[in-house]
Amino acid sequence: MSLGSVVRAEPPVRVLLVDDDPETAANTVSALDECDSLDVTAVADPTAALDAHAESPFDCIVTEFEFDGTAGLDTLLRVRESPNPPPVILYTRLDSEDVVAEAFAAGVSDVVDKRPADAQTAVLAHRVSNAVVAARQSTELGELHAWLRLIADQSLVGLYVIRDGRVEFVNEYLSNLLGYDTDEVVGRPITDFVVEEDRAIVDESLRNRSHGSVESMSYTVRVRNYDGELTALEITGQRTTVDGEPVVVGTAMDVTARLESERLLRRSERLTRQIISSLPDMVFISEPTELDVVYINDQFEDAWGRDVSPLYDDPSSFLDLIHVDDRDQLRRAVDEMFADIRDGSVDDQYEFEFRFVPEGSGTIRWATARAVPLLDENGDVTNILGVISDLTERISHERELAQQNARLDAFARVLSHDIRGPLAVAQGRLELARELDDDSHLDHVERAHRRITDVVEDVLSLARDEHSVLDASTVSLADSAATAWDMCSSNAGDVRCEIGELPVVDADESRTTRLFENLFRNALQHARNDRADATDRGDDSELVIRVGALPSRRGFFVEDNGPGIPSSIRDRVFDSGFSTKGGDGTGLGLDIVRQIVDSHGWIIRVADGAAGARFEVLFDPVGEAGATV
């Protein structure tokens, strides 16, 4: 009799034989012992069998159906109540099919007929091995199933199985996400839980994988739970076959928070870029250990005249536009900053000021760069945030303001200087009017006050625009010179002023009068003092100031017969503050003269006089050599 392929359990297999016929039991034990993999123990009744199994569990129990005319199978089958119960094989003479039916109904694993005994013991050995293998496999599968169930229920992602579009399995994580008990989810179409707008995605995915066109797929859908709340799930699915039918197994992960974070991050990045793009300053972000630009806004192109794209490939190329005098210093400063970062001694902020020349432009501009190391939660530098500001307009404004303040200060000194003469006239005439009770002197006081007013208005107009000519009209230079001498003559003593024929020009009358006043005062201050020294030495010649026209009426001159101006200082006499009198002089008179001459478009120079100082004012300086501006 061929038994076919015999499946053997791994030894040893402990077998408990329960039979109340000693001879039959002995023969059976002897036959089974011939199998190397079986270790057989025999007992005479079911109660003894239960005790023996309780003391040391067996892998299989082989039992007779009746014991002393009493059926004992029900008692033996109580071993099924123990953990991992062994298989029970009924080994008896099969006189009735009812016995077989009753045995299988009671839960035995197999039934073997004792007749004829010699042949059937081999069958019994085969059936024992098979039953033990099956029992062990069932136990292992049960344990594996328990582990899988535990893993599935404890998983931090949703697990599912879908067959024909319906849910066949979900773990506890996924059913909790959906807000249902597991048995309320199983058996329902998966699209019942998906929002209507996303159902087409699920249907298409299942259809492709059911037909085998796509083995696996990943996508995101929104599901609505029992309470109507939306949850975004990232779904992965793999097509496989179970019992010959296609199913989809996969995972589902709640990505609602992640998607919201990504949305907020994208929004934040978009807003940040919009803010940075709208800033007037140039903004860049660099890697932390070297100048490696990862972002720069478009203001660089507007201010520097160069496209930003090359800076990503060669960030140091911006140094080409730095002023040559500042280039090396800026490079060293940047290298020192990155050296600090590598050494772990980073400052809160680094600041560099430099000049640059935009590409295609010859204009020098000023800029300041502030570099701020960005730190993570551990205090490590992650990036460098740089802001470059164009300071040109601010510096120009500051310089202009400084120049304006200096000019206002100078004009204040000019004002103080030029009103001294008229003020002295007014004070002197007023004293005479009081002492002599002569009102005629008040006319001179009135003229002096008018002159002070003219000087104040003139200085204010120059303060607004140094080069402007206000109230230009036809002016008789002879009349202006006479008025000026009237303001100066009260302190002139025995000085004589000779005013010759002068041209009539288009000019500002008040300023031309001031021009003569300052030239006269310069002569009185320098020439008269030197003349006094000459008188002490016995020289009684009179100091004379002469005003006359140049040849061809191209200008006029003012000269005196004093000591003159040394050639070594002629180039400096018109500088503001320059004086040969030390603390007794302000050095403003001739500077005022130069300003008034410049404002009219004329030119003044120091010329060689017959005896003393000679100043020549030319209306048309073209072709004149040696003119001093």
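Numbering starts at 1 and runs along the sequence shown. Remember, it's a predicted structure, so these values are computed and weren't measured experimentally. What you see below is based on every heavy atom in this structure, not just the backbone, and it leaves out hydrogens, waters and symmetry mates.
Judged purely by distance below 3.5 Å, without hydrogens or angles, the side chains of D113 and Y91 never pair a donor atom with an acceptor atom. Looking only at atom types and distance, the side chain of S316 has a donor-acceptor partner in the side chain of D314 under 3.5 Å away. In this structure, a donor-acceptor pair under 3.5 Å is absent between the side chains of D343 and S345. Looking at T231 and R224, their side chains never bring a donor and an acceptor atom within 3.5 Å of each other.
Considering only heavy atoms from C-beta on, T41 stays 4.5 Å or farther from L17 through its side chain. Side-chain contact between F193 and Y180: present, with at least one pair of heavy atoms (C-beta onward) separated by less than 4.5 Å. Residues D340 and Y350 have side chains in contact (heavy-atom distance under 4.5 Å, counting atoms from C-beta outward). Between L50 and R78 there is a side-chain heavy-atom pair separated by less than 4.5 Å. Between E353 and L391 there is a side-chain heavy-atom pair separated by less than 4.5 Å. Between P87 and C60 the shortest side-chain heavy-atom distance falls below 4.5 Å. Using a 4.5 Å heavy-atom threshold, the side chains of L124 and I89 count as touching. Taking 4.5 Å as the limit, every side-chain heavy atom of F169 sits out of range of all side-chain heavy atoms of V186.
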*Could you give me the CA-CA distance, side-chain angles and deciding distance for E64 and T92, then say whether side chain to side chain donor-acceptor pair (under 3.5 Å) is met?*
CA-CA 5 Å; E64 217 353 313; T92 189; 2.5 Å; yes

*I would like to know whether L311 and F318 meet side-chain contact (heavy atoms from CB on, under 4.5 Å); could you show each step before the answer?*
CA-CA 7 Å; L311 289 176; F318 87 97; 3.9 Å; yes

*Begin from the C-alpha positions of S286 and F338 and carry the test side-chain contact (heavy atoms from CB on, under 4.5 Å) through to its verdict.*
CA-CA 11 Å; S286 170; F338 285 112; 4.0 Å; yes

*What's the verdict on side-chain contact (heavy atoms from CB on, under 4.5 Å) for I235 and Y160, showing C-alpha distance, side-chain angles and the deciding distance?*
CA-CA 10 Å; I235 305 295; Y160 69 87; 3.5 Å; yes

*asked:* Working note: F354 + I388, criterion side-chain contact (heavy atoms from CB on, under 4.5 Å); need CA distance, chi angles, decisive distance, verdict.
replied: CA-CA 10 Å; F354 53 88; I388 303 176; 4.3 Å; yes

*Yes or no on salt bridge (charged side-chain N to carboxylate O under 4.0 Å, His left out) for E262 and R258, after CA distance, side-chain angles and deciding distance?*
CA-CA 6 Å; E262 291 175 352; R258 191 194 77 191; 3.4 Å; yes

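Listed for the N171 side chain is a donor-acceptor partner under 3.5 Å among the backbone atoms of L159. Of the possible polar contacts, none joining the R355 side chain to the D326 backbone as a donor-acceptor pair under 3.5 Å is found. At least one donor-acceptor pair under 3.5 Å links the side chain of N297 to the backbone N or O of V283. Remark: the backbone N or O of A26 is not paired with any side-chain donor or acceptor of S30 at under 3.5 angstrom. The backbone N or O of E23 lies less than 3.5 Å from a partner atom in the side chain of D21, making a donor-acceptor pair. Within the 3.5 Å criterion, the main-chain N or O of T392 finds a donor-acceptor partner in the side chain of D390. The backbone N or O of A44 sits nowhere less than 3.5 Å from a side-chain atom of D20 that would complete a donor-acceptor pair. Side-chain N or O atoms of D164 include none that pairs as donor or acceptor with a backbone N or O of R166 at under 3.5 Å. Using modelled atom types, one side-chain atom of R127 and one backbone atom of V111 make a donor-acceptor pair closer than 3.5 Å. The closest donor-acceptor contact from the side chain of R327 to the backbone of I322 lies under 3.5 Å.
Using a 4.0 Å cut-off between charged side-chain N and carboxylate O, D59 and R14 make no salt bridge. Of the charged side-chain nitrogens involved, at least one lies within less than 4.0 Å of a carboxylate oxygen, so that D328 and R331 count as a salt-bridged pair. Salt bridge absent: R199 and E196 never bring a charged side-chain N and a carboxylate O closer than 4.0 Å.
The OH atom of Y173 sits 14.0 Å away from the OG1 atom of T182 when rounded to the nearest 0.5 Å. To the nearest 0.5 Å, atom CG of residue D313 and atom CG of residue D292 are 10.0 Å apart. How far CG of D198 is from OG1 of T220: 9.5 Å, rounded to the nearest 0.5 Å. Distance check: L177 CG to T256 OG1 gives 8.0 Å after rounding to the nearest 0.5 Å. Annotation: the span from E287 atom CD to I341 atom CD1 amounts to 11.0 Å, rounded to 0.5 Å. Atoms NE2 and CG, from H53 and D51 in turn, are 11.5 Å apart once rounded to the nearest 0.5 Å.
Using the six-membered ring where Trp is involved, W304 and F356 have ring planes that are parallel, under 30° apart on the 30 and 60° scheme.
Across every non-hydrogen atom of P246 and R163, the tightest pair is O-CG, 4.1 Å. Residues I61 and P86 share a closest heavy-atom pair of CD1-CG, 4.2 Å. Residues V194 and I190 share a closest heavy-atom pair of CG2-O, 3.7 Å. For the residue pair L291 and P315, the shortest heavy atom distance occurs at O-CG, 3.3 Å. V255 and L233 make their closest contact through CG2-C, 4.1 Å (heavy atoms, listed as atom of the first residue, atom of the second, distance). In plain terms, the two heavy atoms of R306 and S317 that are nearest each other are NH1-O, 3.1 Å.
Heavy-atom neighbours of D376 CG from other residues, nucleotides or ligands within 6.0 Å: above the threshold of 12. For CZ of R93, the number of neighbouring non-hydrogen atoms (other residues, nucleotides, ligands) closer than 6.0 Å is 12 at most. Surrounding CD of E197 are more than 12 heavy atoms belonging to other residues, nucleotides or ligands, all under 6.0 Å away. In the displayed structure, E184 atom CD is contacted under 6.0 Å by more than 12 heavy atoms of other residues, nucleotides or ligands. Within 6.0 Å of CD in E393 there are 12 or fewer heavy atoms belonging to other residues, nucleotides or ligands. More than 12 heavy atoms of other shown residues, nucleotides or ligands fall within 6.0 angstrom of atom OH in Y312.
When each of D39, L38, T28 is tested with V15 by the rule side-chain contact (heavy atoms from CB on, under 4.5 Å), just one qualifies, namely L38.
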